[in-house]
Structures are given as structure tokens and as C-alpha cells.
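Presented below is the structure to which this report refers.
Quick caveat, the model's predicted, so the values are computed rather than measured. Numbered from 1 within each chain, the chains take letters A, B, ... in sequence-line order.
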Amino acid sequence: MSHGLAIFVATALVACNGEGATETADVNLLETAQTRAVSIDDPIEPIPLRVEVDARKRALGERLFRDPILSPDGAVACTTCHDLANGGDDGRTKSDIVGRTPALVNTPSIFNAAFNFRLHWGGGYDELAAQLKVPIESPRVMATSFDEVLSRLRTRPDYRDAFAGIYPEGITQRSFTDAIVEFERSLVTPNAAFDRWLRGEADALTEREKEGYSIFKSHGCISCHQGVNVGGNMFQKLGVMREFFEERGTVTEADLGRYNVTKRDEDRHVFRVPSLRNVAVTGPYFHDGSAETLEEAVQIMSVYQLGRPLDDDQVDAIVAFLRTLTGRYEGGTRP
Amino acid sequence: MSRAARAVWIAALLGAAGLAADGWRTEPDPRVLDHYRRDIRELQALDARIDGQVMQSRQALVAHYDGIVQTMTDTNTVLARLERVEDLEGPADRERVVSGLGALRASLAEKAALVESFKSENAILRNSVRYFPIAAKRLRDELAASPETQRLAADVNDVLVSVLELNETPSSEEAWSRAQSSIDTLSVLVVPLGMEEDFEVVLRHAQTVVDRGVRVDAMTADILAVPSASDAVAVDTALERAMRDAYRRADHRKIVLFVTLLGAVVGLSVDIILRLRRSAAQERKATARLAEANEILVREKERERELLELKSRFISMTSHEFRTPLAVILSSTELLEAYGERWTPAKRADHFARIKDATAGMEQMLDSILVIGKSDSGKLEYNPVRLDLARWTHHLVDAFRPTLTKSHSLEASIDAALAEACVDEKLLNHIVTNLLSNAVKYSPAGGVVRFAVKRDGDRAVFVVTDDGIGIPAQDQPMLFDSFHRCSNVGHIRGTGLGLAVVKRAIEAHRGELHLASDVGRGTTFTVSIPLGALHELVE
């Protein structure tokens, strides 16, 4: 026993003395315990300026993402609901496409989705690749199947060539998925004013916006909306401090959130905390699209999630801060 | 032999050789296995990291969960990799490895689910813990400002104080029921018009602290209890067995194939036979080398596994130990921030003293950990200096006396004939101070601690005797292990590090330690170290 302990402590010592950086991760705990007796809120991480993707796969993925050939009636592309020129969503309460079953939930933005720890409001999917079957097969979206999509693509020489140039196996579910996922991973929006400020550009934020960030932290929004996506790293009930659904009335299946995935009672009305990246341009808000404006959404949050209302001036400051989270999508060759 | 017959023979041969190649393929490739093992280890390390991160978050040292999310993701990636390699086994053994992997996946999934709930609950708790004092203080002050609401102010104050106390001593049933009853009292009082909302906010956050604190602590314990690390070890063991079987099978198959091959080539040229023999010999040699390499790996892995388990145990232990003083510091600081101005100087001083004590305790613990660690890795510096032992001991006793409370006394007898000695002053200080403070700590009020130092030939002998609780026989073998605490210590606080330090400091002096103890009657530690062993000890 003591031998193992010794080696570990010895590495800790070396690292503490600054004589080597080996195994620093392991001594983090010890160091943290020594130096951080008082807790400090970490800042939100900026969106990385670049993500590593394969340019050819990404370009093919983008073409597929924008092409209504994915739908049997040639009427719907991914961009129909995930409009890349407008925040990566559709700006509607819930999508309602002619000839499709109406959607049950508000469309989330596709931007920065790769940074979310789970996908969908109820967190039912772990990975982009697994999620793809939903838009392909759902009667609310493409209402088709992989086989049908692939055979439509195979009738097109341009797609046959494009796939063959990248994937030796040609057009298969695997290569199709891979290309779209590669494109989705490239959909990041760096350089928001807030990120520039985090990176040290002191005048990227106005005093008012900084005040908003400060309230966002001190009032407690940050305990749920945090990390690189200002959200998207945990689950929370909607109505932690006060029953939301009782007061809103008529509970639908979609309101059950994560319960639909796990069927555990404690997951009723639990949702993935959504990312607030680009939130100023992705209204309406919430899984049910019930809040038209940011002001409304923020006030609902402070009452139902935090149990302490904000006055109008504070709401206004937070909204000013939220507007600084709008980044720029800088990838993208248009066909 | 006709050309046609020869062609048939050659075809048969090639077929057999193909089979042989297949036989080889089922044998594990050492590089793949190496990766496999590394993955198992990495998995264990990640698992320990999750535990550490959860514990840190619970201590409120970490407010963000991206780190935990990342570690969980890494864990799943490594697990997926492990599952992909499983087909390197033969069918029979595969089952064992696969079922081991199944158990591992299940325990990791259980842990993941617990961690998810933990994140959600902890975020809410943390939020209320921070906001509650602010809201409650504001309300109390507002009420206190007007004479009609003075009484209500006192009730709000009760809630404030009892909830903060509960947060300070989360496991105390008594604190819990005090907090709950003060909340219950406040919630039925008639509230001044227009202040309903403020009361509701305070009550809601108070209730959150009371309810969720218990829940989050239970969750933390559950997460640490998930046996994912031992499941990983089980997979490793199953793999080990499967590998040994695979070797055995491969050997058996090779003999059969070899006989067939030999039979088949009888009709062919001697040249071919010779070539085959040569390659068979090479095969055997390669197999032997593989087996040897494997054995080395097994031994190495044994050690690494031990190390890993210790690492995670060590992380858990130290985090636990640091947690208590950190919680004290945090809460005293917060209390001072909230009421410092209104408190009497005495009460303020009391909280500052608590902070100081907690800090000193942490410092001492770190010090002990460093000594133990350096010693166990052979890096403990031994710096002997010439010392007048009698004087030095007098000084030490004088310095020790003020730390005694009225309920204990110390009788010291120091042999004036003690010569100069060559000893490491710092280490000797560790030895004597630890023994003395243990003697005091584990003695009942009114206890007398006797301390004698004398010379015995070329050795100095230190004897510390108390009439304390004693050391049970079953604890004695583990007495000097880090973090070991005797079964009869009850509520007496301690880290289980002091004697581990003593032992190592004595070893550095090539000294000896003798222990005589009677449970309930007392303990005597006798330490004897050479007076001047300087020349032997310096390499």
C-alpha cells in the first residue's frame, strides 16, 4: 500500500515544487485544496476560433444539409428549420410545414450544437451521428428513410462522384452520416463580443453589458447556464422554485421533457439547460416556444428557476448581456 | 510424383498453411493487448477523476461542470474502445471478458446517471446556499428597522442562523431539526402587507438548503460507492485468463497442424521440410518471447493496478480530510461577511480563530503528507546536525506546554547527561511532537503524560507514556499505515497521519520504535535512535 501512495505523492511533490509538469492533473486536487479556500466562479469559456474538420467532407455535408433532395417531396431541407442565415433555427414557435405533422417542440439552433453534452430538449441523444436518424425518419421532418435518401442520391452522378472522391465505399449510410456530422461540427459561432471581451479586448463590452453579466452571475443564472455554450452541460427541471406547468396549464407530452426518454418520475419536466449562445436571434424561447421575447424569458427564469424576481432594470441589463453572445458563423461555401 | 499429384500436395499444403495463419490470428497481438491494458488503466484513472471532480464540486470549490462532462465523455470513449477490442479472444473466453465489460458498462452508466443528478441538484443547492444569507439578512434588517416588526426580525434571524449552522454541520440531525422547525415557525406567522414575496423567497431558499443538502451528500456518497474501478480490474483479470487460454489453445493447434503439415510434405523435397522446420522453430521462439513479454507485463500491471487503486483512495481520503477545514473556513468567512459588523468583538475573534485553526490543521496535514510521500519514494531528506539533545528537548517541552489545556499535565524528565547527537532536527521534532500530542489527545481529562529522555550507551531513548484509551491489539499491525485510525478513537478528531510520519522519521534515523499498550489503561512509546550515526548515513 504505502509504495503506491509514495509514488503518487512523489509525483505530487515534484509538480508542487515546479520541477516538472508531469501528472499535474493528478495533483490538481491537492493544489486546489491548498490554494482555493474561497470559491470563485470560473468565467464562461469562449467558443474556439477554429475547429478541426475535414474540408472536403464538410463541403459535402453542407451540400446535403442545404439540399431538399433529402425529403421525398423535394420540399424540405435541413435548412428549412435550421436556417444558417438566421441563428440556425426557424424563428417559429414550433415548425409547421405543409404536408408534415406539426412539431411538438421549438426548433433549437444548430449552431454550436456539437458542444452540447446531449442533444434535444429531453437529452435523448448523445451524439450527432445517432441523432441524424430523427430528422431523416420523423414524420415531422423528412418523413423518409435512410435507404430512400441513399437511393435518391445514387441517381445523381454529381453526388456519386462527390462521395466516391472522399469515401471508397461510395454512398452509404455511414458516409452520408459522416459528411453531415462533419459539417455540423463546423457550425460554430466564435467572436461574439462577449468572447472577445473574455479574450482580453477590454472595450468589447459596454458598462451596461458588463453589469448584465455581473447580475447574470450574482443572481444565479450561471449555476445552470454555464460552460462554453452558456448552457448545454446539465439537466434541470423547468420550475425548480415554483411550479411552472401548474400555472401555465394544459400539460402536453412534450412538456414532460426528459421523462419521455428515461420514464423516471423525477425526470418529469426536466430539460437540458439550453445554450444561450446566439440567444438574441433564436426566439421564440423555451421548449414550447412560449416566450416571445428575451425579456419575457429572463423574467420567467428568475421567477421559476431562481425564486427571486428581477426588476425591469436588471432584466434589461441581463438582456443587454445576452445580446453580446451572438457570434459569427464564418465557415461556409455557398453552392 | 506426377506434376498433377504435386500440384494437389502443394494446394493441400497451402491450405494447411492458411489454416495455420488463421490459428495465429486468434492469438492476441501484444500491441493490441498493450493498448487494451492502457485503456483499462486510463478508465480507472478517469473514474477516480470523476470522483475527485464530484467531491470538489460538492465542496463548492468548482461551480462549473464542463470538466465533469468532459471526463464522462472521455470515459465513454475509452469504454467504447475496450469493447471494440474484445473480438481478439477465442469464443469461450470471450464470454467472460464480454460479461466483465457488461458489468463495467453498467456500473459506469449508473455512475453517469448519478453524476447527472448530482450536477442538477448541486447547482440548485449551491445557488440557494449563496443567495439565502443575502436575502434573509436584507429581510431581517428591514424588519428590524421598525419597532412593530422587531419580533418578526428575530424569527427571520432564527431561520438565518439555524440554516447557516446546518450548512456548517451538514450531518447533524440536531442542526437539521432546528433549521426545519425555525422554517416551520416562520412560515405560519402573519406577514406585514406588501412583504409576502420577500418572506416567500427567504423561506423557499431556506427549505432548498435544508432539503437538498442532505440529498446531495447522499448522492456524493453513492457516486463514490459505485464499483466501477473494481469492475475494470475484473475485466482485466478475465482478459488475463482468456489470454493464457489462448496461448494454450494456440500451442495445441500448432502441434496438430504441424503433424498434418509434416505428413503432407513427406512426398515433397527435403528442402521444403527443412524450411518448414526452420519456420516452426521460429514460431516457437516467437511464442516463447511473447509469453515472456506477457509475464513481465502482468507483473508490471499488478503494480500499476495497486498504484491506481491507491491513487484514487488517496484522492478520496485527502479530499475528505481537507473538506472539513475548508467548510469551516468557507462558512466562517461567509458568516463574518454577513454579520461581521454587528457581532461583538469576541464572536468575531471566535470565527477568526476557527479560520486560523482550520488553516493550521490543513498546513500540518500537508506537511505530514509530504513527509510520508518523500519517505516512501526514498526522497526524504535526512539532514543531521550537531545538537545538544538535553537543551533541545527542554526547548521543545517549553514550546509544547502552552498548547496543553488545564485538564492535562506533562511530566518531563530529561537526562542532563545526554551528549551531543547527530540528528535531523526537523524529523526529530516530528517524532516527539506527534507522540506528545497523541498522548494528550487520547488521554481523558486529568490525564498525566510522562515524557522521559535518557541516554543508553550510544543511543538516545525517548519514552512517552500516557494513561489514555490505549491501542487495541487488532489495530497495532496497521498502526503506522497512512490514514489508519484505531477502532476505539470514537469522536476524537485526527487524520491518521501522525504515526505514519513518526515511523518514517524514525526510519530515517535508523532508529527503533517500541510500543506497549493496554486498552483503557494507557500506552508507552519508546523511541531509540543512535546518537552519532552521521558517517553511516551519508552516502
Could you check whether atom CD of A:Glu169 has more than 12 heavy atoms from other residues, nucleotides or ligands sitting under 6.0 Å from it? yes
Is B:Glu121 close to A:Gln236 at the side-chain level, that is, under 4.5 Å between some pair of heavy atoms? no
Is it the side chain or the backbone of A:Val228 that comes within 4.5 Å of chain B heavy atoms, both, or neither? both
Spacing of NE2 belonging to B:His64 relative to CD1 belonging to A:Ile44, to within rounding of 0.5 Å: 6.5 Å
Listed partners of A:Glu184 passing salt bridge (charged side-chain N to carboxylate O under 4.0 Å, His left out), at least two apart: none
Taking the side chain as C-beta and beyond, is there a heavy-atom pair between B:Phe118 and A:Met234 under 4.5 Å? no
Considering heavy atoms only, which positions within residues 69-78 of chain B lie below 4.5 Å of chain A? B:Val69
Take atom CG in A:Asp312; do more than 12 heavy atoms of anything else shown fall under 6.0 Å from it? no
Residue pairs passing the salt bridge (charged side-chain N to carboxylate O under 4.0 Å, His left out) test where at least one lies in residues 44-54 of chain A, sequence neighbours excluded: none
Taking the side chain as every heavy atom from C-beta outward, state whether B:Ile124 and A:Met241 have any atom pair closer than 4.5 Å. yes
Within a strict 4.5 Å, meaning less than it, do heavy atoms of the B:Ser120 and A:Lys237 side chains meet? no
For the pair A:Ser223 and B:Arg130, evaluate side chain to side chain contact (heavy atoms under 4.5 Å, CB included) and give the outcome as yes or no after the intermediate values. CA-CA 11 Å; A:Ser223 56; B:Arg130 305 189 115 203; over 6 Å; no
So NE2 of A:His219 and CG of B:Asn127: to nearest 0.5 Å the spacing works out to 9.0 Å
With sequence neighbours left out, what residues match A:Asp267 under salt bridge (charged side-chain N to carboxylate O under 4.0 Å, His left out)? A:Arg264
Which atoms of B:Thr359 are under 4.5 Å from chain A, going by heavy atoms: the side chain, the backbone, both sets, or neither? neither
Shortest non-hydrogen separation from A:Pro309 to B:Val201 and the atoms involved: CD-CG2, 4.4 Å
With rounding to the nearest 0.5 Å, note down the distance linking CZ in A:Phe115 to CG in B:Asp66. 10.5 Å
With a 4.5 angstrom heavy-atom cut-off, could you sort out which part of A:Arg118 is near chain B: side chain, backbone, both or neither? side chain
Under a 4.5 Å heavy-atom cutoff, which of B:Gln207, B:Glu200, B:Glu197, B:Lys119 has the most pairs with chain A? B:Lys119
Test item: B:His205 side-chain N/O and A:Leu306 main-chain N/O as donor-acceptor pair under 3.5 Å: yes
Can you check whether A:Phe235's main-chain N or O pairs, donor with acceptor, with B:Glu116's side chain at less than 3.5 Å? no
